[in-house]
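By convention in this document, chain letters (A, B, ...) are assigned in the order of the sequence lines, proteins followed by strands, and residues within each chain are numbered from 1.
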Amino acid sequence: MISLDDADRHHRLPDSTSAARPGYTAEAAPDDAALMRLVQQGDERAFTALYDRVAPVLLAAILRIVPERRDAESILLETFMQAWRSAARYSEERSPVLAWLHMIARSRALDFSRSSARTLRLMPMSIDHAPNAALAAEGQSYNPSRRAEDEERGRIVASAMSSLTVPQRTAIELAFFEGLSHSEIAERLHEPLGTIKSRIRLAMARLRSVLHPSSRELAT
Amino acid sequence: MTSYTQHELFDLAGAFALGATSPDETRAMEEAMASSPALAAEVLAHAQVVADMVASGQGVPPSADVRDRLIERVREEPGGHAAAQAARKPRRSVVPFAAAASVLIAAALGLQVARMQVEIGSVSKKLEHREATLNSLLHAENHLRVIHLKAADTVVGPGIQFFWDSRQRTGVIHAFRLPPASSGQAYQLWAVINDEPVSVRVFDSDPDGHALVEHIPLPPSTRGVSKLLVTVEPRGGSRAPTSVPLLGGGLSGE
């Protein structure tokens, strides 16, 4: 019989699951990285499967910067075209696929927003408020299994974000949602640049330790 | 370009993954990562956090025509994808005996395809059922309580949502990213009631890592239940947990 203390301690054990079964995920339901490897070989079906999987969250991210849906969808399309053309340059040792695609999408959205001098819709952007039910309702419904997983993931990330101090959280949100660099954040908040750098560094380290407690801290 | 110490570059890894570094810092990071696997790994760990943040937002499904336009553009892309182009290159003409062999292979494949179609039909029905059930659960009212069971890696590791319907006195297990148990084993869900684990259900997951187990009889209230746990047990289940819990979730406020 296990004790409840043991239970608390041991229910944080990932090794007997997917981590201990290399290849399982890729064989049964290819993950983003497995799809991307196929895309790098020119597999169009893998590319559309990747699109189906991540386009909704990328469109949501683009809409936070470019609120006009038609413009945002054009940016989404161009993001995927850029990904298709530059797939060979992607390295999974440098970035997860979703972060790479998000970086492309965000860069394009910021370019569009700045070049067209459109007014940014600076709604109160917080990871708690990020889901925009009205916008989601405009689109097609998507796979409920996927939605249940996304909701679970959203809950976990929101919980991790709530573990940050308010100034740390503000700095992360300005960088993530509005695409500001740390010098722009410092200017916006009238704070010294070093303070902002420090907040982002500590906040990212905190998020990492909460979301991926098993990830190894590397000595610097 | 400003020169940065290794320590400064490691400190910038989070901001770099977030896209918040200056152009000068970005260039320095990219150059340093090319020669420092440790720095690249540090950036990768932070980029995983960024990916989690992206994935955590509620998605907005694009209009269907965006997908159609994307496929069209990909196919019309001048020059196209280098690898795709290579794949589309005309091949040497086949010799006649190869054509004959292909007829035989096609016949054999036809049988295989027919078998696979039956399997696909069965899987599709199962998926439709799972999605209909989850849809109804996700729209359920106040009488439904959701308990989240987590593993160590809460974002990419396995997870379970347990739906406790106090009105119907039944529960539903929805597991995801949970690989099927090894041969001769199964997962067993336990409710810890007054500090004693009580077996709730023995189950296994599908090859896609999902499991949906419905109509699990439950008491009408979660009173006295402090947590739910999942252990790996022999296929028929055990009377008490025999392994350390793989997943667990507490019921606060009970």
Side-chain angles (χ1 to χ4, degrees), chain A residues 1-2 7 10-14 16-18 21 24 28-29 41-42 44 55-57 59-61 63 73 76-77 80-81 84 94-96 98-99 102-103 130-131 135-136 139-140 142 144-145 148-149 152-154 156-157 175-176 181-183 200-201 204 207-208 211-212 214-215 218 220, chain B residues 7 10-11 14-15 18-20 22 38 40-42 44-63 66 69-71 73-74 81 83-84 87 131 134-135 151-155 157-159 161 174 176 179 207-210 229 240-241 244-248:
Chain A
M1 179 76 65
I2 55 169
H10 291 303
H11 82 241
R12 305 174 69 79
L13 294 175
S16 57
T17 62
S18 56
R21 294 165 184 249
Y24 161 74
Q41 294 163 28
E44 291 177 7
V57 288
L59 181 58
L63 280 163
E73 289 191 335
L76 180 72
L77 179 60
F80 275 90
M81 283 310 299
W84 174 254
R94 300 276 288 266
S95 173
L98 187 54
H102 176 254
M103 197 61 85
L135 285 170
Q140 309 147 330
Y142 70 111
S145 296
E149 277 191 56
E152 173 74 2
R153 193 195 309 264
I156 292 163
V157 173
F176 182 72
S181 67
H182 41 208
S183 57
I200 289 180
R201 179 173 57 79
M204 288 298 285
L207 291 174
R208 177 180 164 185
L211 295 171
H212 300 278
S214 55
S215 78
L218 293 159
T220 59
Chain B
H7 184 78
F10 270 82
D11 277 357
L18 205 53
S22 68
E42 184 74 1
L44 177 63
H46 283 103
Q48 185 59 59
V49 171
V50 175
D52 296 338
M53 291 166 70
V54 176
S56 72
Q58 183 177 334
V60 179
S63 313
V66 179
R69 279 157 55 204
L70 177 66
I71 293 169
R73 288 269 304 273
V74 161
H81 190 296
E131 298 193 349
L134 285 170
N135 256 338
D153 194 328
T154 54
V155 178
Q161 292 161 321
H174 173 227
F176 47 87
D208 68 354
H210 281 267
L229 305 170
V244 293
L246 180 68
L247 295 144

Handout entry: By side-chain hydrogen bond (donor to acceptor under 3.5 Å, both in side chains) - contacts of His102(A) (at least two apart)
Key =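 His102(A): no side-chain hydrogen bond (donor to acceptor under 3.5 Å, both in side chains) contacts found.
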
Exercise for the section: Please state whether the side chain, the backbone, both or neither of Leu70(B) comes within less than 4.5 Å of a heavy atom of chain A. Expected result: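 Both the backbone and the side chain of Leu70(B) come within 4.5 Å of chain A.
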
Distance-minimising heavy-atom pair for [X] and [Y]:
| X | Y | value |
| --- | --- | --- |
| Arg94(A) | Ala40(B) | CD-CB, 4.5 Å |
| Val57(A) | Val54(B) | CB-O, 3.6 Å |
| Val60(B) | Leu59(A) | O-CD2, 3.2 Å |
| Pro62(B) | Leu76(A) | CG-CD2, 3.5 Å |
| Val49(B) | Arg208(A) | CG2-CA, 3.6 Å |
| Asp52(B) | Val157(A) | O-CG2, 3.7 Å |

Practice task
Could you look at Met103(A) and say if it's the side chain, the backbone, both or neither that has a heavy atom under 4.5 Å from chain B?
Solution key: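 For Met103(A), side-chain heavy atoms alone lie under 4.5 Å from chain B.
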
Handout entry: Non-hydrogen side-chain atoms of His46(B) and Leu207(A) separated by less than 4.5 Å
Key =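 Result no, sub-4.5 Å side-chain heavy-atom pair not found.
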
Practice task
Find the one option among Ala55(A), Pro96(A), Ser181(A), Ala99(A) whose heavy-atom pairs under 4.5 Å with chain B are most numerous.
Solution key: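 The answer is Pro96(A).
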
Practice task
Check for a donor-acceptor pair, side chain of Glu73(A) on one end and backbone N or O of Val66(B) on the other, with a separation under 3.5 Å.
Solution key: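 Between the backbone of Val66(B) and the side chain of Glu73(A) there is no qualifying donor-acceptor contact (under 3.5 Å).
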
